[in-house]
Each structure stands twice: as structure tokens, then as C-alpha cells.
Amino acid sequence: MAVYDVTLTHTEKVAEGTLALFFGRPDGFEYKAGQCVRLVLQNPPETDDEGNGRILSLASGPAEAELMVATRLRDTAFKRVLGGLQPGTVLTLKGPYGDFTLPADTTVPLVFITGGIGITPVRSMLLQALTEQREVTLLYANRRPQDAAFLGELQRAVLGHTTVTLVPVMTACDSWQGEKGHIDVALLRRYVPGVQSPLYYLDGPPALVSAMRLMLAEAGVPADRIRTEEFAGY
Ligand SMILES: Cc1cc2nc3c(=O)[nH]c(=O)nc-3n(C[C@H](O)[C@H](O)[C@H](O)COP(=O)(O)OP(=O)(O)OC[C@H]3O[C@@H](n4cnc5c(N)ncnc54)[C@H](O)[C@@H]3O)c2cc1C
């Protein structure tokens, strides 16, 4: 297993209670869009039963200069320490891991369905997909716009790309002008007319992934067209 020291360059609040951390890319570190790493704190001032590390998806795209992860800052020892890290801090990175990655065939239409912090590997894959002119639909659910990490940035990135449709969906914001409420079969059919042909990527908190899997079954999507990644721990 590959192990690297990585140095924090800066952090950025990317949504309410949500922090992105940027690291210099170590020599020789290669990864595919959508993969994750294990990020481990070195000699943290506090720890807990889960230990000093967590699995986090790389939200950065392989073509970007820096590595980036993003997380909801909850009240656990790991997150408390992570939230207070200063630029220059060195962490241990193990990986990359995982096969929640884009298919080799760039002509297959893709539908990403995610919510909340599940956007991290999707940001990476969407940026990669843009460079390959893939046909992509992203249904991105959040309670409110201020909870939606990377939304503005992704909306700007897809502008002018006619093969990409980004649909932000808010579940708890009456004033939202776009799609509201939970993602259901009717919403899916509005944006994905031939629901059975694309390859679907579902990821995020386990409850969201299972709800979306049921929704796709109801829509008649064959199970072998669905790829999933659950963020155990949420
Ligand atoms: C493949 C993969 C990719 C992942 N990618 C990401 C990612 O990109 N970003 C990301 O943030 N996470 C990601 N995760 C999840 C991540 O590994 C952690 O599990 C998650 O961030 C929770 O860490 P924690 O320190 O907040 O809680 P932990 O200490 O890990 O939580 C332990 C348990 O306590 C519960 N718990 C802790 N705090 C709370 C709370 N405030 N409210 C309710 N329950 C609580 C949790 O439900 C969990 O059962 C990924 C996981 C996997 C498996």
C-alpha cells in the first residue's frame, strides 16, 4: 500500500459547516477521478475510538495541481483537529483506493445522483468528464443552497457544455427557484428521458444511497446499470 506525507497548503469553507482542505501533490501520486484515500493525522492532540484517520474521497480532479478533500465538520476528535489545522501541517495519506470511477467507454451516458457531502467524488469525476466531452446528468440534493458544497463552482464549470446537465435540488428551502423536494421517479424522468440506458452513480450517506437505489428500481433501471459508494460513518 502506498503511503505519502502530504502538506496542507490552505483550507476553504465550501458550504455551511463544510471544510475543503488542499494539499501539495506528492511526487509519484497518481489517482483516478472518484477514488478515495485514508487521511491520517500525525500526533493529534486528541483522538477517539475511530482512530486518527478517516477515508475521504478526493474531490480534486486528477488534472488539478493540488489534492483536495472536503468534509462536514462534526463534533468528533478527528474533525475537531482537522478543523483547526494550520497551513504547513503534514498529514499521512494512504491510497488511492476504490473503483467508483468513470467507465473506460467515454460514450456511455452517465447520471450522478448524490446529496450533501456525497458531492466529493462526483466533483472529481464531473471535472474529468468535462475534458472528455461525456454526456452527464448530475442530480445534486441538499437541504438549502448554503449546504451545497461546490455548487456555484460546478455551475460555472458546466456553462456552455451542452452535454452536461446539472440539477440542484433543495429539500428544505421554499424560496428556491429550481427543483424542490426529494428526488423521485418523476424528477428523474424530467431530466433523463430514456432512464434505462445510462450508467448511474449513487454515493453519499448510506440512507441516501439506499433511497436512490429503491427509486431507480421503481423507475425500472436494471441493477447492473447502477454503481454505488456509501460513506460509512454518516
Ligand atoms: C469510500 C468512502 C468515501 C468517503 N468520503 C468522504 C468524504 O469525501 N467526505 C467525508 O466527510 N466523509 C467521507 N466518508 C466518511 C468518512 O470516512 C467518515 O466516516 C465521516 O466523515 C464521519 O467521520 P466523523 O469523524 O464525523 O465520525 P466518526 O467518528 O467516524 O463516526 C463514528 C460514528 O458516530 C456517529 N456520529 C459521529 N458524529 C455524529 C454526529 N454529530 N451526529 C450523528 N452521528 C454521529 C457516526 O454515524 C458513526 O456511526 C467516506 C467514507 C467512505 C467509506
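Quick note: residue numbers are just sequence positions, from 1. Everything quoted here is computed from the prediction, not taken from an experiment. Order of listing sets the numbers, starting from 1, for every ligand and every atom in it.
Scanning all protein heavy atoms for the shortest distance to atom 6 (C) of ligand 1 gives Phe231 CE2, 3.4 Å. For atom 15 (C) of ligand 1, the nearest non-hydrogen atom of the protein is Ala232 O, 3.5 Å. Protein heavy atom closest to atom 17 (O) of ligand 1, with residue, atom name and distance, is Ile55 O, 2.7 Å. Nearest protein heavy-atom contact of atom 1 (C) of ligand 1 is Glu229 CD, 3.5 Å. Looking at atom 46 (C) of ligand 1, its nearest protein heavy atom turns out to be Gly233 O, 3.1 Å. Looking only at heavy atoms of the protein, atom 25 (O) of ligand 1 is closest to Thr76 OG1, 2.7 Å. Closest to atom 35 (C) of ligand 1, if we only count protein heavy atoms, is Arg74 NH2, 4.1 Å. At the top of the distance list for atom 30 (O) of ligand 1, counting protein heavy atoms only, stands Arg54 NE, 3.1 Å.
Of the charged side-chain nitrogens involved, at least one lies within less than 4.0 Å of a carboxylate oxygen, so that Arg25 and Glu30 count as a salt-bridged pair. At a threshold of 4.0 Å, the pair Asp174-Arg143 does not count as salt-bridged, since none of the basic side-chain nitrogens sits closer than that to a carboxylate oxygen. A salt bridge is absent between Lys79 and Glu50: the closest approach of a Lys/Arg side-chain nitrogen to an acidic carboxylate oxygen does not fall below 4.0 angstrom. In this structure, Glu16 pairs ionically with Arg144, as a charged nitrogen and a carboxylate oxygen lie closer than 4.0 Å.
At under 3.5 Å, a nitrogen or oxygen of Tyr234, whether backbone or side chain, sits near a nitrogen or oxygen of ligand 1.
In this structure a side-chain-to-backbone donor-acceptor pair under 3.5 Å is present from Thr163 to Arg134. Put simply, the side chain of Asp184 gets close to the backbone of Leu187: a donor and an acceptor are under 3.5 Å apart.
Remark: distances from the non-hydrogen atoms of Val69 to ligand 1 are all 4.0 Å or more.
Close approach of ligand 1 to Ala70 (heavy-atom distance below 4.0 Å) involves ligand atoms 7 (C), 8 (O), 9 (N), 10 (C), 11 (O). Interface atoms of ligand 1 facing Thr120, defined by a heavy-atom separation under 4.0 Å, are 7 (C), 8 (O). Set against the non-hydrogen atoms of Lys79, the atoms of ligand 1 under 4.0 Å away are 20 (C), 21 (O), 22 (C), 23 (O), 24 (P), 25 (O), 26 (O). Distances below 4.0 Å separate heavy atoms of Glu230 from the following atoms of ligand 1: 52 (C), 53 (C).
No side-chain donor from either of Glu66 and Ser60 sits under 3.5 Å from a side-chain acceptor of the other.
For atom 12 (N) of ligand 1, the nearest protein heavy atom is under 4.0 Å away. Under the 4.0 angstrom criterion, atom 33 (C) of ligand 1 counts as lacking any protein heavy-atom contact.
Atom CD of Gln177 is surrounded by 12 or fewer heavy atoms from other residues, nucleotides or ligands within 6.0 Å.
The CZ atom of Arg213 lies 4.5 Å from the OG1 atom of Thr228; values are rounded to the nearest 0.5 Å.
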Please test Gln35 against Thr101 for side chain to side chain donor-acceptor pair (under 3.5 Å), starting from the C-alpha separation and ending with a verdict.
CA-CA 7 Å; Gln35 285 192 302; Thr101 54; over 6 Å; no
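Ile117 belongs to a hydrophobic cluster with Phe231, Tyr234, counting contacts under 4.5 Å between side-chain heavy atoms of Ile, Leu, Val, Met, Phe, Trp and Tyr, direct or through other members.
Ring geometry, Phe112 versus Tyr201: the interplanar angle falls from 30° to 60°, so the pair is classed tilted.
When non-hydrogen atoms are compared, ligand 1 lies under 4.0 Å from the backbone of Leu56 as well as from its side chain. At a heavy-atom cutoff of 4.0 Å, ligand 1 is contacted by no atom of Ala59, backbone or side chain.
Proximity annotation for atom 3 (C) of ligand 1: of Pro205, Ser57, Pro206, Ser57 comes nearest, heavy atoms only.
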